[in-house]
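Below: one structure, written as structure tokens.
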Amino acid sequence: MKTATKNVSGSQNIIKSISGAEAVIRCLLEENVDLIYGYPGGAIMPIYDELYKFQDKLQHVLTRHEQGATHAAQGYARTSGRVGVAMATSGPGATNLVTGIADAQIDSTPMVCITGQVASHLLGSDAFQETDIIGISTPVTKWNYQITKASEIPEIMAKAFYIARSGRPGPVLIDITKDAQFDTFDFSYKKCTLVRSYKAVPEIEMNQIQAAADIINQAKKPFIVFGQGVILGEAEAEFKAFVEKTGIPAAWTILGLSALPTDHPSNVGMVGMHGNYGPNMLTNECDVLLAMGMRFDDRVTGNLETYAKQAKVIHFEIDPAEVNKNVMADVAVMGNIKETLTKITPLVEEKSHTSWFQKFKDFDAIEYEKVIKNELNPIKEGLSMGEVIKEINNASGGDAVIVSDVGQHQMIACRYAKFNQSKSNVTSGGLGTMGFALPAALGAKMGAPEREVVAIIGDGGYQMTIQELGTIFQTQAAVKIVVLNNDFLGMVRQWQQLFFDKRYASTEMVNPDFVTIAKGYFIDAQRVTKREDLANAVQNMMASKKPYFLEVCVEKENNVFPMIPSGASVSDIRLE
């Protein structure tokens, strides 16, 4: 019989003699978890049995594949700002989580994954469905741990959530042997607020703040590149205030998109391989480069030997490992960007930089004539991906969450989607995981149920996790799914055209009837092949209160420009 008493200090409840499996569920409730994505199996069945008893307090979403569970947990975390949770059994269940865990690690997404494991006396014996998930996941987790005793569960679970959400967020994996799930102990829970030898946030050094402010105040052509750190630090208001006071042009990485409204006058567009012409060209002309919550990914910098060599670099960063890793900083402003911006903004002068802004506008005009006009208002018969995004903007007013997969459609969505509020762009950035969008859109909708969520997916990536239509049907999450179908693995085909003499090796797709498949899952569906039908189809989709699938057949061999060839300088950006 379970009894609850107070411990000696009176700060925690003690529940007498409960199983490790029940303890896991109680730990999740203590961390205010209300939603889990997962897939049951033998080694985690005791936890699922206890979950059944707590289903009035803790919702479980049965995905159709464990990878779908991790991507859904990522989408949930990205729109809600909370820790996403995924569960799976041992062996293939655990290994199927790895892609999503790796994606979360490189994109700094807070996630706790719980896996079942064979009984502790079988570890290392090659037992049925045994894999060394700790060894496998070590390179792609912020922290991991294998629990072999039930009494370890409260402390390790508390530590897992603290590490996942603190500092630079990331994924944590906890592996629990089956005997630890069955064994009993006296349960109490204390939230973790400190881990010895782990410093979540570096201390702010005011001399670095002042040094950065002095450089900014002297700059003639300063330029900001902002990343997801602004969003993760919940520093959008502070960032906007800093930008408006300093009058500095600001461009975003794809994960930084939506931290500043796309129509804000200081927002000059996207940097990187398929970014805007002006921000890329003028990176090598600015005299001060402010990197805010971004890590100088190679897709942003191009050839490091030629990247912003003329500029003084100020790097605002929470993770010391990222400073001077790719680009040397003249000044490193360490700490949570919400706090560092609060301290530096009073020290910077109010300016406008009008002539410097004009250079961005001049490049914008060139890009509009050579690229954007033809993408958003094509004169040829076939539909472009850009005009689909334009219609979605018209229907959403810039208030939707856009979840994109990986490929040409992702770059088009990031270039042309309009955003009025933060946490609106959900995509796989660093890992570039095809198959991300469909389950991530489900999670994004459940993380922000009051918002419209639109998934933009290519025909290739869609088929990697198409089974998650079953999860969407079962949950009835009102996700709007748009497949831009060009019957190709479009981004690979573009590279084959430009750099491999049009040898389209294994990139042409022979696709099924996507509309029929969606209807097989009882999801309303429509196909568009003509321009005159597009606007009405998008309006119908957005007006629906249920899940909806829209296939738009677009030009087969359209390319995404501008483009910086791999290994080239950002100033070698091509418009055609």
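Note that the coordinates shown come from a computational prediction; the quantities given were computed from them, not determined experimentally.
For the pair D362/I366, no side-chain contact is recorded, criterion being any heavy-atom separation below 4.5 Å from C-beta on. Annotation: side chain of T70 is in contact with side chain of C113 (closest heavy-atom distance under 4.5 Å). Between F239 and L260 there is a side-chain heavy-atom pair separated by less than 4.5 Å. Two residues are said to be in side-chain contact when any heavy atoms from C-beta on lie closer than 4.5 Å; S428 and Q74 fail this criterion. Looking at E555 and S384, their side chains never come closer than 4.5 Å, going by heavy atoms from C-beta outward.
By the side-chain hydrogen bond (donor to acceptor under 3.5 Å, both in side chains) test, R299 pairs with no residue at all, sequence neighbours left out. With sequence neighbours excluded, the residues forming a side-chain hydrogen bond (donor to acceptor under 3.5 Å, both in side chains) with H315 are E317, listed by chain and number.
Summarising the local packing, CD of Q358 is surrounded by more than 12 heavy atoms from other residues, nucleotides or ligands at distances under 6.0 Å.
Here the shortest heavy-atom pairing between V554 and N486 reads CG2-CB, 3.8 Å. Between N144 and S137, the closest heavy-atom pair is ND2-OG, 3.0 Å. Closest approach of G256 to F226, counting heavy atoms only: O-CE1, 3.4 Å. V201 and G167 make their closest contact through CG2-CA, 4.1 Å (heavy atoms, listed as atom of the first residue, atom of the second, distance).
Not one N or O on the side chain of K312 forms a donor-acceptor pair closer than 3.5 Å with the backbone of I215. For E375 (side chain) and G386 (main-chain N/O), a donor-acceptor pair under 3.5 Å exists by modelled atom type. D263 contributes no side-chain N or O that, together with a main-chain N or O of N420, makes up a donor-acceptor pair within less than 3.5 Å. Looking at D287, its side chain never comes within 3.5 Å of a backbone N or O of A311 through a donor-acceptor pair. Judged by distance alone, the side chain of N559 and the main-chain N or O of Q494 form no donor-acceptor pair under 3.5 Å. Under the 3.5 Å distance criterion, the side-chain polar atoms of T465 are matched with a main-chain donor or acceptor of G435. Between the S424 side chain and the Q421 main chain, a donor and an acceptor come within less than 3.5 Å of each other. Of the possible donor and acceptor atoms, one in the side chain of T79 sits under 3.5 Å from a partner among the backbone N and O of A444. K338 places no side-chain N or O within donor-acceptor distance of the main-chain N or O of G233, the cut-off being under 3.5 Å. Without hydrogens or angle criteria, K351 side chain to N217 main chain gives a donor-acceptor distance under 3.5 Å.
Residues E155 and K159 are not paired through a salt bridge, judged by the lack of any N-O separation under 4.0 Å between the basic side chain and the carboxylate. Electrostatic pairing of R82 and E31 does not count as a salt bridge here, judged by no charged N lying under 4.0 Å from a carboxylate O.
In the model, T99 has no side-chain atom that pairs as donor or acceptor with a side-chain atom of Q67 under 3.5 Å. For R295 and T253, the side-chain atoms include no donor-acceptor pair closer than 3.5 Å. The closest side-chain donor-acceptor pair between S422 and E236 falls under 3.5 angstrom. Side-chain polar atoms of N284 and K309 form no donor-acceptor pair below 3.5 angstrom. Looking at N425 and S258, their side chains never bring a donor and an acceptor atom within 3.5 Å of each other. Inspection of the S166 and Y198 side chains reveals an N or O donor paired with an N or O acceptor under 3.5 Å. When only modelled atom types and interatomic distance are considered, Q218 and D214 share no side-chain donor-acceptor pair under 3.5 Å. Defined by atom type and a distance below 3.5 Å, a donor-acceptor pair is present between the side-chain atoms of D103 and T433. Judged purely by distance below 3.5 Å, without hydrogens or angles, the side chains of Q310 and E285 never pair a donor atom with an acceptor atom.
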Under the salt bridge (Lys or Arg N to Asp or Glu O under 4.0 Å) criterion, do E387 and K390 qualify, and how do the steps go? CA-CA 5 Å; E387 61 186 314; K390 183 177 75 170; over 6 Å; no
Would you please test K191 and E30 for salt bridge (Lys or Arg N to Asp or Glu O under 4.0 Å) and show each step? CA-CA 8 Å; K191 285 195 175 185; E30 290 281 353; over 6 Å; no
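Classified by interplanar angle (parallel below 30°, tilted 30° to 60°, perpendicular above 60°), the ring pair F357/F360 is tilted.
Taking the ring centroids of Y277 and Y368, they lie at or beyond the 6.0 Å cut-off.
A salt bridge (Lys or Arg N to Asp or Glu O under 4.0 Å) with E367 holds for exactly one of K373, R415, K361; it is R415.
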